[in-house]
Each structure stands twice: as structure tokens, then as C-alpha cells.
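Accompanying notes for the structure given below.
Computed over heavy atoms, backbone and side chain alike; hydrogens, waters and symmetry mates excluded. Order of the sequence lines sets the chain letters (A, B, ...), proteins ahead of strands, with each chain counted from 1.
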Amino acid sequence: MRWSELFIPTLRDDPAHAEAASHRLLLRGGFIRQLAAGHYSMLPIGQRVRAKVDGIIREEMDAIGGQQVHLPALHPAEVWRQSGRWEAMGEEMFRLEDRKGVDHCLGMTHEEVIALLAGEVFSYRDLPQIWYQIQTKFRDEPRPKAGVLRVREFTMKDSYSLDVDQAGLDVAFDLHHQAYTAIFRRCGLEAMDVVASSGAMGGSESVEFMVPSPAGEDWIVTCDGCDYRANLERAVSVTPEIEDGPSQGRTEPLATPGIRTIRALADAHPDRAAPERQIKTLVYVVDGKLTLVLLRGDHELLEQKLVDTLGVANLRPAHPDEIRPALGADPGSLGAVGVQHLPIIADHGLAGRRNLVTGANRDDWHLTSVDVGRDIEVERWADLRGVSLGEQCTRCCGTLDVWRGIEVGHIFKLGDRYSRAMGAMVQNAQGDSTPIVMGSYGIGVERTMAAVVEHSHDRRGIVWPVSVSPYHVVITVLRADDPQTLAVGERLYNELTAAGVEALLDDRPERPGVKFADAELIGVPYRITVGPRKLAEGLVELTTRADMGTVEVATVEVTERVVRLVNAALSAD
RNA sequence: CGGGCUGUGGCGCAGCUUGGCAGCGCGCCUGCUUUGGGAGCAGGAGGUCGUCGGUUCAAAUCCGACCAGCCCGACCA
């Protein structure tokens with residue numbers, strides 16, 4: 001294509017209000033424009049990049065036997081009511097009514113619709129199946145941010161596996177794991193697979209694909225001694241033993257006027273109330289019911305772990321006016337000693353502990369010499385605490401690191417939750433009717449694009465890998481008004497195009513600086529510079545965007561050289 | 001939803017304190033010159049100053065409400 005005929009509205013200045021590198025550079029480079037918070041238009045070169053990512057995804061999905069489908073984005077509420085998610089999805093789902101007053105929603109995901117289709121599979125002989133689509137999803141995010149990294153309307157590749165049993169699901173899951181690894185590698189990303197929480201999807205196992213980036217919104221825990229890696233929501237670490245000393249026989253009250261925090265109590269009584277010797281008592285409302293959540297004083301609750309442990313959707317911290325009638329004190333003086341009427345869930349870090357300090361359920365008083373087993377009736381033990389930087393790995397005793405990542409993909413083993421709800425049954429080899437075992441697998445397409453930019457840019461702009469770049473090579477004609485120079489540019493363009501290389505001919509009547517700056521901003525991996533001076537010696541220049549290295553090449557040889565470079569880059573996948 | 005900030009030609013901003021002709025840079029259009037790292041000169045086009053209401057002889061400017069956007073947090077398959 002001739003640049004002079006394209007719509008590539010590059011901006012000379014950084015846009016205000018664009019912090020994340022991908023947001024800033026995709027805007028400046030003329031790839032995207034914002035319509036509203038969380039809704040972006042893809043401009044021509046942005047669409048080309050997205051099509052490249054789509055193409056890689058399709059190739060890899062087809063390679064594992066996936067069949068592409070296309071499902072409606074607008075769903076009747078009835079379908080979601082059948083699975084119970086019409087209520088469970090809450091405010092994140094866009095809902096609307098048609099003219100007859102019937103409820104509908106914009107699809108956030110398609111387990112229900114797929115499970116309905118799966119109802120047309122009757123025999124295990126027709127399994128396994130892998131169905132996928134690349135389609136727009138809608139989620140009413142409370143806070144869209146960072147350009148296309150977190151939006152309310154986006155393209156997702158979602159696929160679904162159907163199997164007769166768990167062993168089949170394991171195979172489909174592994175196939176997707178391999179396909180995702182290949183997809184992200186081909187997009188130039190170093191995506192890491194980490195153990196993850198299944199959240200509201202349900203299911204037995206899930207793995208996220210994370211790209212390390214400060215722009216990411218998830219926290220990832222990795223070990224420096226082994227290959228342990230997990231989302232913070234699932235990560236565990238060694239809890240060092242604390243020496244509590246002998247039991248004191250019974251609890252003792254301690255006047256603590258005005259003290260409301262773990263820190264303040266530790267400062268007031270450093271001898272016996274260090275944070276690790278206190279019990280942190282939190283009160284949550286779980287499905288409408290007050291529940292006490294206990295952790296060691298120096299540990300933080302990771303709410304997702306509580307959600308996963310209890311298997312509930314509705315959970316929030318209790319308000320003080322709900323707590324006082326139940327426990328008789330305000331937050332700051334709460335404890336679980338003697339509490340019989342509320343469920344108590346405690347973190348493993350408190351197991352077997354003695355001589356601890358906790359609130360007395362009486363304002364301005366605490367209790368000392370508290371033994372967890374003796375004085376507190378824990379109904380359920382669980383891993384509830386968040387891992388911190390520098391703690392020990394449970395597998396190898398190595399040191400844990402915590403860093404930010406962008407979630408570009410997530411794969412789930414769902415089981416039969418949706419097939420049961422939607423009536424997707426097959427007959428197995430024994431002739432018994434059995435629910436289809438499903439898996440669900442997603443990739444955020446624009447988020448993957450943005451992750452590539454986050455991962456690969458410099459002060460000049462984006463550095464696309466050949467595989468997803470809007471063009472493979474840009475031919476920068478320095479004097480587009482000089483017929484001979486332009487003719488050489490056009491000849492190279494025609495040769496490259498004929499050889500299957502996607503070339504962009506910069507024939508604009510701009511000065512060289514403008515053309516160089518734009519080419520670097522939009523990140524095309526190779527640039528051929530055609531100027532009258534070098535041309536007189538039969539030479540052009542070939543510049544590699546990644547390192548900005550430039551070599552002079554004979555005009556007659558440059559096409560072959562670029563074809564070789566591009567093909568090498570594409571086949572390296 | 002809580003906290004902070006911002007809304008003025010396409011982009012980046014000034015003007016607001018102290019009310020009085022709506023400005024600057026870039027970009028855009030025309031012409032001439034220029035052409036290896038975001039050119040120069042000359043002449044132009046383009047703005048309901050986020051919206052609504054109030055105060056006033058007079059509002060971009062003061063007051064109120066609302067809307068939108070950005071950042072932090074909460075939230076988030």
C-alpha cells in the first residue's frame with residue numbers, strides 16, 4: 001500500500017491521559033481511537049495487527065482440531081437463568097429488554113450457548129469436540145483503564161471442549177495449553193503459565209497465561225529455586241513456626257484504651273503482642289450470613305481465597321452496624337473467643353498456636369494467653385493469606401518473588417456444571433446417559449496486542465515482531481518528488497509484494513525526518529531507505545527497527561535480502 | 001462506589017485568581033522556497049470554551065447541579 005493513500009493518523013505529541021505505554025503508543029501511532037471509556041475503534045493498521053493475531057490463533061486452534069463457529073452476542077436471559085448465572089453475574093453483565101419486555105444480555109462468555117448446542121451431540125462416539133470463535137464480548141467493567149488492556153467491549157477467542165469423561169478433558173486441556181504456548185510465542189510474547197483461581201467460572205483447575213509487565217493488573221508469584229509459579233490468588237508459601245511457649249491455663253483481660261489496630265497494640269505491648277502473636281479477626285457477610293475470618297496478626301487476607309474456599313459468589317466485609325449487635329464491640333476490639341453463634345474460618349497459620357492476643361469483644365479490651373484450640377472453636381481451616389515477597393517456597397524452600405503480569409489467556413477445566421444445567425448429555429460406551437465434560441479457554445485479542453506493545457517498545461515507538469506487524473517492511477522514499485527515486489521505490493515495492501512480503505511504500509511528500517519518525521513510531525520491523533544520493537551508487541539502506549542497525553545494500557539485492565529476513569522471522573515460529 | 005485530578009479548534013496547552021473582542025504551538029488548506037532525522041516565508045480554514053441552570057449590563061472566567069474522561073483504591077470468568 002501507498003502510505004499517501006492510507007489513514008494512519010499519527011500524533012506528534014503524546015496524548016494526555018494515556019499512562020500505559022501500549023495506550024500511549026497505539027493512540028500516537030494511529031492504531032486505535034477511543035469512543036468512550038473502555039470502547040475503542042480499531043483504525044486500519046490496528047485492524048491489520050488484530051487480524052494477524054486472529055490468524056495466528058486460528059492456525060493454532062485448527063492445529064489442535066478446533067472448529068470455528070460464530071455465536072450470537074445477544075442472548076435471551078432465559079439461557080442464563082437456566083445455568084443460574086443471570087443472577088450470579090451481577091452488575092458486570094450488560095442487560096437490556098427488547099420491545100416485548102423480554103430480558104436479554106450481551107454475552108460475557110458463551111458456556112451456556114455452547115452447552116445448548118452440545119445438546120445435539122448424543123453419543124460418545126461423536127466426541128471429543130473443540131469449538132471456538134473469535135468474537136466481541138461485553139463486560140460492564142467498573143473501571144476500564146490503560147487503553148485496550150481493560151475494556152468493556154473486546155474481542156475474545158473463546159473455545160470449548162466437549163468430552164465424555166475427565167480423561168478426555170485432560171487431553172483437551174493439555175492441547176489448549178500447548179496451543180496457547182505456541183500462540184503467545186508466535187506473537188513475540190514470553191507468556192508464563194501460572195496456576196490460577198477459577199473464580200466465578202467454577203471448575204476444578206485453571207491456568208492463566210501471564211506476560212510480565214508493570215502495566216499488568218495481576219500479581220504473580222514465582223520461585224527462584226524451582227518452577228513453581230502461581231497467581232497470588234492461589235499462591236502458597238511456607239509459614240515459619242512461631243515459638244509460643246507453654247500454655248498459661250486461661251485467658252486474661254488486658255485494658256487497651258483507644259487501641260484499634262494490630263500495629264498500635266504491638267507498639268503498646270511489644271513484649272507480648274507482636275503482630276505475629278496476635279489474632280486478626282475480620283467479619284464478613286457470606287451469602288447474607290455473618291462469618292468470622294481469623295488470620296495471624298501480620299498476615300493479610302486474600303479475599304479471592306476466601307471466595308474460593310467457601311464457594312460463594314456474594315461476600316463482602318461487614319459494616320460496623322452489623323458487627324456490633326452480633327459481637328458487642330466495634331472493629332478494633334473484636335475476637336472469636338467464646339463465639340458460638342457464628343461460623344469461624346481460620347487460616348492455617350493459626351493452627352496449634354498458644355498465648356496469643358486478640359480482641360475481647362468489649363471496646364478498649366483485649367484478651368491475652370489465648371490458645372486457639374482451647375479458647376476458639378474453629379469450624380473450618382483454610383489457606384486464606386496472601387503470599388509476600390521473599391517468603392519461602394513450599395516445594396523447594398527457594399525464595400518467592402512477586403511481580404505484576406498481564407493476563408492474556410486463561411484455560412479452565414469446567415467439568416459438567418454447564419452441561420448438566422443445560423441438559424447436554426451423551427450416552428457412553430456402557431449405554432448410560434452422562435453429562436458432557438466441558439473445558440473453557442479464552443484469549444483476549446486486543447489485550448494480547450497491547451501486551452506485545454508493553455513488552456516491545458522503545459523511546460521511538462513500537463517494535464512489532466514480524467508476525468503481528470501491520471506491515472513487514474516500509475520503503476521510505478526520501479524524495480517522492482524525484483521521479484527516478486520514486487520509481488526505484490515502486491519497483492522494490494512491486495518486487496517485495498510479488499514475493500509475498502507485506503510492504504508499505506512511503507510516497508508522501510514529507511521531509512525525511514517526518515517519515516523516519518512515523519515509521520519508527522508505528523513499529524514496522526524493517527525499513528528500506530531509498531534516497532537519490534545512495535541510489536547514485538546503486539545502494540539503498542536497510543534498517544532493522546529492533547536495534548536500529550543500518551546496512552547499505554545493493555539496490556538489486558535488497559528484495560531478496562528482505563524476503564529472506566521476513567521468511568526467517570515467520571518460520572522461526 | 002470512595003479519594004485525587006481534568007474538560008477551551010484534530011493533538012498539546014495558556015487564559016479563570018481580579019467577569020469586558022477566545023488565544024498560542026503543532027497539525028490542516030493555498031502558494032513559493034526547501035528536502036538524509038519532526039523545514040522556512042506568506043496567506044487562509046477551523047472553536048455551542050463538556051452540559052444545563054443561576055448571578056450580572058456583561059460569564060471560558062463567579063455559584064449550583066449534572067455529564068464525560070484520566071489516575072489511585074474497592075470491584076473484576
Hey, which of A:Tyr40, A:Phe7, A:Trp464 is the one that makes ring pair (Phe, Tyr, Trp, His ring centres under 6.0 Å) with A:Phe31? A:Trp464

Hey, is A:Lys534 close enough to A:Glu552 for a salt bridge, meaning N to O under 4.0 Å? yes

Does A:Lys145 come within less than 4.0 Å of A:Glu19, counting only side-chain N to carboxylate O? no

Atom P, compared across B:G50 and B:G15: separation rounded to whole Å: 15 Å

When the distance from NE2 of A:His17 to P of B:G4 is rounded to whole Å, what number comes out? 18 Å

Record whether the side chain of A:Glu520 comes under 3.5 Å of the base of B:G37 through a donor-acceptor pair of N or O atoms. yes

Starting at NE2 of A:His23 and ending at C1' of B:C71, how long is that distance when rounded to a whole Å? 12 Å

Report yes if a donor N or O on one partner sits less than 3.5 Å from an acceptor N or O on the other, where the partners are the side chain of A:Arg28 and the base of B:G10; otherwise report no. no

Please step through ring pair (Phe, Tyr, Trp, His ring centres under 6.0 Å) for the pair A:Phe209 and A:Phe184, ending with a clear verdict. CA-CA 9 Å; A:Phe209 290 80; A:Phe184 296 124; 5.7 Å; yes

Of the candidate nucleotides B:C28, B:G36, B:A74, which contains the atom at the shortest distance from the side chain of A:Pro142? B:A74

Look at all strands and tell whether A:Met93 reaches a base, only sugar-phosphate, or nothing, counting heavy atoms closer than 4.0 Å. nothing

Name the nucleic acid region contacted by A:Ala517, choosing base, sugar-phosphate or nothing; use a 4.0 angstrom heavy-atom cut-off, strictly under. base

Tell me what A:Asp481 touches on the nucleic acid: a base, only sugar-phosphate, or nothing, going by heavy atoms under 4.0 Å. base

Is any side-chain N or O of A:Arg511 closer than 4.0 Å to OP1 or OP2 of B:A39? yes

Using the P atom as the point on both nucleotides, what is the distance between B:C71 and B:C29, in whole Å? 32 Å

Starting at CD of A:Glu92 and ending at P of B:A74, how long is that distance when rounded to a whole Å? 16 Å

Suppose you measure atom C1' in B:G25 against the same atom in B:C63; what distance do you get, rounded to whole Å? 34 Å

Base, sugar-phosphate, or nothing for A:Lys145, non-hydrogen atoms under 4.0 angstrom? sugar-phosphate

Please report the distance separating the C1' of B:G73 from the corresponding atom of B:U17, rounded so that it comes out in whole Å. 32 Å

Any idea which of B:G69, B:G12, B:G36 is nearest the A:Thr529 side chain? B:G36

Does A:Arg95 make a cation-pi contact with A:Trp86 (under 6.0 Å, within 45 degrees of the axis)? yes

Lys/Arg cation over aromatic A:Phe173: A:Lys413, 6.0 Å, 45° cone: yes

Within less than 4.0 Å of OP1 or OP2 of B:C70, is there a side-chain N or O belonging to A:Gln34? yes

B:C72 OP1/OP2 closer than 4.0 Å to side-chain N/O of A:Arg143: yes

Presence of A:Arg12 side-chain N/O under 4.0 Å of B:C11 phosphate oxygens OP1/OP2: no

Under 4.0 Å between any heavy atoms, over every strand shown, what does A:Ala519 touch: base, sugar-phosphate, or nothing? Just pick one. nothing

Nearest-angstrom distance, P atom, B:G7 to B:U51: 14 Å

Looking just at side-chain N and O atoms, do A:Arg404 and A:Ser213 make a donor-acceptor pair shorter than 3.5 Å? no

Can you check whether any acceptor in the base of B:G38 is under 3.5 Å from a donor in the side chain of A:Asp518, or vice versa? yes

Across the strands shown, which category fits A:Arg527 at heavy-atom distances under 4.0 angstrom: base, sugar-phosphate, nothing? base

Given B:U35, B:G12, B:A74, the nucleotide with the shortest approach to the side chain of A:Asp13: B:G12

For A:Ala18, which contact category applies under a 4.0 Å heavy-atom criterion: base, sugar-phosphate, or nothing? nothing

Rounded to the Å, how far apart are A:Leu521 CG and B:C11 P? 17 Å

Whom does B:C62 pair with, Watson-Crick or G-U wobble, provided both distances fall under 3.5 Å? B:G54

Per atom distances to the A:Met548 side chain, the nearest of B:C70, B:G37, B:A74 is B:G37

